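None of the values given here were measured: they were computed from a predicted structure. Each ligand, and each atom within it, is numbered from 1 in the order the structure gives. In what follows, every heavy atom counts, from backbone to side chain, and hydrogens, waters and symmetry copies are set aside.
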Amino acid sequence: MSNKPAVLVTRKLPPAVEARLARDYDPHLNTQDRLYSTDELLTLAQGAQAVLATHTEHLSADVMARLAGTIKVIANFSVGVDHCDLAAAKQHDIIVTNTPDVLADATAELTMLLLLGAARRASEGERLIRARKWDSWSPTFMLGTQFTGKRLGIIGMGRIGQVVAKRARGFGMEIHYHNRSRLDSEREAGAIYHDSLDSLLPQSQFLALHCPNTPDTQNLFNAERIAQLPDDAIVVNSARGNIVDEDALIVALRSGKIRAAGLDVYKDEPFIRPEFAELNNTFLLPHLGSATHETRDAMGFRALDNLDAVFAGREPRDRVA
Ligand code: 8YV
C-alpha cells in the first residue's frame, strides 16, 4: 500500500497535471472523464483523504456531511466555488481551496471574443458561409457595432474584470465598472467607478458580467436591469449562468432592446435554452472561459500546490473554507 495521500480526481485533467499527481499522490484518476453521480463520487471517495474536484460536481451540504471524517481537503480545479457548500465544509472541518489568478487572462481573452463575436455578428456570418449561402457583398451587408469610443460597463472588477478592462482599453473603449468596493487608483487605471447598478447600467453600451454566483447575484441581470441599459446594448456573460434571468434576456434579444449577446455560461449547463440557439443575435460558446492548454495546466498546478500545502501541514494559499 502506498503511503502517499489518496486523492479522488473527479475529472480527467491535463497530462502534466496527472503526471505530477501520480508522482506525489496515490490518485484515483477518471481516465474516461465520466461525470460521476453523487453516489458514485461518495463511493469512490471512500479511502481517499482528498478530492480534486471541478465545478461539474455538486458538493452540497449533504455530500459534505458524508465526506466528513475522511476527506481532509477538497482542492477545486476552478476559481468559482458556487458548486460547494462552503458553510457545510467549514462545519465538518473540510478545507476547500480554489484556483484564482491563473485563469484571469484566458477568461478575459474569451470575454473579448464574446464581445467581438456578438458585436460583429460572427455566428451569423459563419453560419452563412458554412451553409454555402453567401452570394454577394454589399455596403449595407451584415453591419455590426464598433468598439472604438464606446463605453464598456463591467459588473465585478475582480482579477478577470480588471484584465478585461485593460484589453478593452486597447480597443479604444471607455471603461465603467461596479464592484462591491472601489479599486485603488492603480488597479482602477482610469476606469470610472459607479457605486450602484442604477448608475452603471444606463452608461453601458457594452456590458460584461464578471461577478461570482452568490445568493446576492442570482438573476441580478433581470428585466428591470435590462430596461436600464441604453437601447441596442451588447451584453456578454463568461461568469455564471445563474446571474442572468434567461427568460428576460431572451425577451430583450427578441425585441432588439439588447442588440446581441455573447454567452459562455448558462443556468442549466450543458442544457441550453433552445431560444438562444434559434436567435440570430447570439454568439454562443460551451463554457470555454479558461479552456487553454496554458491555463488548464496552471489551474491544475495551483490546485496541487494547495493540496501539497495541506498535506505538509501548511495553510493553503487559496483557502475559501
Ligand atoms: C473552469 C470556471 O473551466 O474556474 C471556473 O470557475 O468557470 C471555468 O473557467 C471550470 O470551473 C473548471 O472547473
Side-chain angles (χ1 to χ4, degrees), residues 7-18 21 27 29-30 33-36 38 41 50-60 63 73-86 89 96-114 155-164 167 208-214 217-218 220-221 236-244 262-272 284-307 316-321:
V7 181
L8 171 64
V9 184
T10 61
R11 302 299 302 269
K12 185 166 174 55
L13 297 178
V17 178
E18 292 197 343
L21 262 163
L29 299 176
N30 185 348
D33 202 23
R34 275 192 320 105
L35 205 55
Y36 296 142
T38 299
L41 184 135
V51 180
L52 204 162
T54 80
H55 82 283
T56 53
E57 285 74 56
H58 186 51
L59 303 174
S60 63
V63 173
V73 50
I74 296 171
N76 284 299
F77 181 92
S78 69
V79 65
V81 286
D82 49 325
H83 58 291
C84 297
D85 191 316
L86 298 182
V96 181
T97 62
N98 70 342
T99 58
D101 306 324
V102 290
L103 44 67
D105 284 351
T107 308
E109 285 176 11
L110 184 114
T111 298
M112 298 314 294
L113 174 62
L114 293 177
I155 300 181
M157 198 63 148
R159 301 166 190 86
I160 299 170
Q162 288 173 46
V163 183
V164 169
R167 304 288 179 257
L209 303 176
H210 288 295
C211 51
N213 173 30
T214 67
T217 61
Q218 279 184 29
L220 169 106
F221 191 67
V236 304
N237 186 11
S238 61
R240 283 289 184 270
N242 261 344
I243 299 166
V244 171
L263 304 174
D264 186 46
V265 288
Y266 310 85
K267 255 196 186 5
D268 204 7
E269 294 173 17
F271 168 80
I272 295 190
L284 307 172
L285 293 174
H287 201 143
L288 296 180
S290 62
T292 66
H293 293 292
E294 298 84 347
T295 289
R296 288 287 163 83
D297 278 355
M299 288 167 73
F301 297 146
R302 185 86 172 222
L304 289 180
D305 290 348
N306 287 318
L307 274 188
R317 178 174 175 187
D318 306 311
R319 184 168 184 167
V320 290

**Asked** Distance only, no hydrogens: is a donor on one side chain within 3.5 Å (strictly under) of an acceptor on the other, for Ser238 and Thr111?
**Response** yes
[atom] - nearest protein heavy atom and its distance:
| atom | result |
| --- | --- |
| atom 9 (O) of ligand 1 | Ser290 OG, 2.7 Å |
| atom 5 (C) of ligand 1 | Val79 N, 3.5 Å |
| atom 3 (O) of ligand 1 | Arg296 NH2, 2.8 Å |

Using a 4.0 Å cutoff against the non-hydrogen atoms of [X], which atoms of ligand 1 qualify?
| X | value |
| --- | --- |
| Gly80 | 4 (O), 5 (C), 6 (O) |
| Thr54 | 13 (O) |
| Phe77 | 12 (C), 13 (O) |

Check: Under a heavy-atom criterion of less than 4.0 Å, does His287 contact ligand 1?
Finding: yes
*Using 4.0 Å as the upper bound for N to carboxylate O, is an ion pair formed by Arg317 and Asp305?*
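Here Asp305 does not pair with Arg317 in a salt bridge, since their nearest N and O are not under 4.0 Å apart.
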If you compare His55, Met299, Arg240, Glu269 by their heavy atoms, the one closest to atom 7 (O) of ligand 1 turns out to be Arg240
- Ala239 to ligand 1: N or O pair under 3.5 Å? no
### Task
Would you check whether Thr107 has a nitrogen or oxygen atom less than 3.5 angstrom from a nitrogen or oxygen atom of ligand 1?
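Looking only at distances, the answer is no, because the N/O contact criterion of under 3.5 Å is not met.
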d(Asn98 CG, His55 NE2) to nearest 0.5 Å is 14.0 Å
Rounded to the nearest 0.5 angstrom, the CG-CG distance for Leu114 and Leu263 is 7.5 Å
### Task
Would you indicate whether the side-chain heavy atoms of Asn30 and Val9 approach each other to under 4.5 Å?
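No; the side chains remain at least 4.5 Å from each other.
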Margin query: I'd like to check Arg240 versus Pro212 (side-chain heavy atoms, cut-off strictly below 4.5 Å). Are they in contact?
Written below: no
Between Thr10 and the options Leu29, Asn76, Val51, Leu35, the side chain to side chain contact (heavy atoms under 4.5 Å, CB included) test singles out Val51
Check whether any side-chain N or O of Glu269 sits under 3.5 Å from a backbone N or O of Tyr266 as a donor-acceptor pair, and report yes or no.
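Yes, because the side chain of Glu269 sits within donor-acceptor range (under 3.5 Å) of the backbone of Tyr266.
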The answer for which part of Leu103 has a heavy atom under 4.0 Å from ligand 1 is side chain
